[in-house]
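Below is one structure; the comments refer to it alone.
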Amino acid sequence: MELIDRVERERLAKEAIYAEMKENPIDLDALYDAMVKTIHYDYVGFEHKRKYYMPNESRTYVFSNYRYGTLTIEMLARSLHQMVGDMHDRHLRFHCEDWIDYRNLGLPYRVRAARDCLYVTSAKPETGLVPGDKILEVQSMSPERVRDYMRRAAFYSGLPERELWGGYLRMARSLTVEHADGSRERVETPPCPPFEEDYPIEFRMLAGNAAYLRLERMDREAMDTLLTKHGGDIAKSRKLILDLRRNVGGDENALDGLLPYLVVRERTIEELRGDEGCWCLFTENNCNRRYDVLSAFRATCTDPEEIALVDQEISLYRDNFGKGLVFLPPEAVEGTVFPAPAAPEKVVVLTDTFCEDEGEQFVALCKRCGGKVTVIGRPTMGTLDYFDPITVALHDKMTLSYPIRMTPAAYEGRGTSEKGLSVDEYIPWTSKEIFQDILLDRAMAL
């Protein structure tokens, strides 16, 4: 009797797990058809990323489980996340509006990958982890085994130093950890609710009259306030160190106030921006989708100048409807940057894999400023090649966001995807950096 009760409890538990898909069935054929066709025909980076595109693996996994009644909405979403993540483009994103979407979970610790383990670089106290801990296993699998299981495509790079494990670790429920004293334990990691990430902007003066500016976000208001308060200190410093290692982007013009301290001669904004124009993929779908968004936005506008700009953008998509890949020349930008009357003799920019989007754009701009700028550390994320995303609904809870424009550099095969912007002095990451700021020490020595 006890055995029968246990079997019945297990049966009911399984029914509860798979109930959502049965009670609210999803047309999987239509879902995959929309996703596959959009990526193949409307995503501007498809030809360059084709080697990573393996939708049949996801389709086989999902439909096999669906056939046997063992498919959950969570399994479906994770499989689609994986399929999109495999493309190695941070601007190509699948989103599921549900708690199962691991992007809607928080990760209360950070790691840096080595070949045989993951090093904890920071952690909230409640995790039981401390900086320097080695994660030897995730869900009882070594990092190397996880890489094999994920076909070495899920972490945006095949180089441990550049791997991004955050998305995968958000789904993990247990870790095998080795502490500094050599002891090992299994640490449970229950789902963490999302929390507000802290991306600080801070300034301080260091030894040797060096001004240090840590920039983890591109925030115009915060930068204006900082420059009002500390612009004089920067002007009088011997060296300016710009720490962009974890810059997540934001307002691309937020750091314009720094430019007079960086240039060595008069430079136009056009020179510094280095805009080469772009290639835009004007498929019928892309034109229709962008037209719908622009038309809806235009209906809310009241400012005549804003309406004129929206009408100009609408005309762009009407005039190029269905033309495919079209080159759009750079827009003229007015303005000149003059060297500040008093400025640092040397500027050192610190970068790392976690510098992306507008943060990367600013690093590229810094490299055009002149001979007194030196970039050290590791190459940036490599997110500049494809941009201007469109979002399309795949289901009432699922969307796909994909870019429709690419840089001439990407078009010609000289882009930054999977490589990032190069540095003047490369310093590989080691676990010593958890406790000693090696890059900052080197910047101070230059």
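Every value quoted in this text rests on a predicted model; they were computed, and no experiment measured them. Hydrogens, waters and symmetry mates are skipped; everything else that's a heavy atom, side chains included, is used.
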Would you please test Leu226 and Ile201 for side-chain contact (heavy atoms from CB on, under 4.5 Å) and show each step? CA-CA 9 Å; Leu226 186 146; Ile201 292 177; 3.7 Å; yes
Parallel, tilted or perpendicular, as decided by the 30° and 60° cut-offs, for the rings of Tyr32 and Phe63: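 Rings of Phe63 and Tyr32: tilted, as their planes differ by 30° to 60°.
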Do the rings of His88 and Tyr156 sit parallel, tilted or perpendicular, given the 30° and 60° boundaries? tilted
Does [X] pair with [Y] as a salt bridge, N-O distance under 4.0 Å?
| X | Y | result |
| --- | --- | --- |
| Glu270 | Arg273 | no |
| Lys51 | Glu418 | no |
| Asp352 | Arg162 | no |
| Glu412 | Arg414 | yes |
| Arg220 | Asp224 | no |
| Asp243 | Arg214 | no |
| Lys37 | Asp42 | no |
| Arg368 | Glu271 | no |
| Arg298 | Glu306 | no |

Could you go through Asp357 and Thr383, starting from their C-alpha distance and side-chain angles, then the distance that decides it, and tell me whether this counts as side-chain hydrogen bond (donor to acceptor under 3.5 Å, both in side chains)? CA-CA 6 Å; Asp357 294 331; Thr383 57; 3.2 Å; yes
Quick one: is the NZ or CZ of Lys372 closer than 6.0 Å to the six-membered ring centre of Tyr261, and within 45° of its axis? no
Should the pair Arg246 and Phe354 be classed as cation-pi, given the thresholds of under 6.0 Å to the six-membered ring centre and 45° from the axis?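 Yes, cation above the ring, under 6.0 Å and within 45°.
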Would Phe46 and Tyr53 count as a ring-ring contact (aromatic ring centres under 6.0 Å, His included) here? Give the steps. CA-CA 8 Å; Phe46 178 75; Tyr53 192 51; 5.2 Å; yes
Evaluate salt bridge (charged side-chain N to carboxylate O under 4.0 Å, His left out) for Arg147 paired with Glu163, printing each intermediate quantity in order. CA-CA 10 Å; Arg147 293 183 182 106; Glu163 288 177 346; 2.8 Å; yes
Looking only at the side chains, is there a donor atom on one of [X] and [Y] sitting less than 3.5 Å from an acceptor on the other?
| X | Y | result |
| --- | --- | --- |
| Thr283 | Lys323 | no |
| Asp385 | Tyr411 | no |
| Thr380 | Glu360 | yes |
| Thr336 | Thr268 | no |

[X] versus [Y], closest heavy-atom pair with distance:
| X | Y | result |
| --- | --- | --- |
| Met150 | Gln82 | CE-OE1, 2.6 Å |
| Gly106 | Phe195 | CA-CE2, 3.8 Å |
| Gly158 | Pro160 | O-CD, 3.6 Å |
| Pro131 | Phe435 | O-CZ, 3.4 Å |
| Tyr426 | Arg378 | CE1-CG, 3.7 Å |
| Glu252 | Met218 | O-CE, 4.3 Å |

Note, [X] side chain near [Y] side chain (heavy atom, < 4.5 Å):
| X | Y | answer |
| --- | --- | --- |
| Met83 | Phe94 | no |
| Asn286 | Val44 | no |
| Lys239 | Pro344 | no |
| Asn247 | Val363 | no |

May I have all residue pairs that pass ring-ring contact (aromatic ring centres under 6.0 Å, His included) and include part of residues 363-386, sequence neighbours excluded? none
Look up atom CG in Leu92 and atom NZ in Lys49, then write down how far apart they are to the nearest 0.5 Å. 9.5 Å
Test Leu365 against every option in Ile269, Leu258, Val373, Leu272 by the side-chain contact (heavy atoms from CB on, under 4.5 Å) rule and name the one that passes. Leu272
Steps toward side-chain contact (heavy atoms from CB on, under 4.5 Å) verdict (Arg290, Asp388): CA-CA 10 Å; Arg290 183 52 56 82; Asp388 193 13; 3.2 Å; yes
Does Ile314 form a side-chain contact (heavy atoms from CB on, under 4.5 Å) with Ser295? I'd like the steps, not just the answer. CA-CA 8 Å; Ile314 288 174; Ser295 297; 4.3 Å; yes
Considering residues, nucleotides and ligands other than Glu345, do more than 12 of their heavy atoms fall under 6.0 Å from its CD? no
How about Gln312: does its CD atom have over 12 heavy atoms from other parts shown lying under 6.0 Å from it? no
Kindly write out the residues that satisfy salt bridge (charged side-chain N to carboxylate O under 4.0 Å, His left out) with Glu334, not counting sequence neighbours, or none if the list is empty.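 Glu334: no salt bridge (charged side-chain N to carboxylate O under 4.0 Å, His left out) contacts found.
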Is there any salt bridge (Lys or Arg N to Asp or Glu O under 4.0 Å) pair reaching into residues 434-446, and which pairs are they, with sequence neighbours excluded?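 Checked against salt bridge (Lys or Arg N to Asp or Glu O under 4.0 Å) - neighbours excluded - the pairs reaching residues 434-446 are Arg245-Asp437, Glu425-Arg442.
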Centroid-centroid under 6.0 Å between Phe282 and Tyr317 rings: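 Ring centres of Tyr317 and Phe282 closer than 6.0 Å.
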If you apply the rule side-chain hydrogen bond (donor to acceptor under 3.5 Å, both in side chains), what do you find for Tyr52 with Asp89, and how did you get there? CA-CA 10 Å; Tyr52 299 124; Asp89 183 352; over 6 Å; no
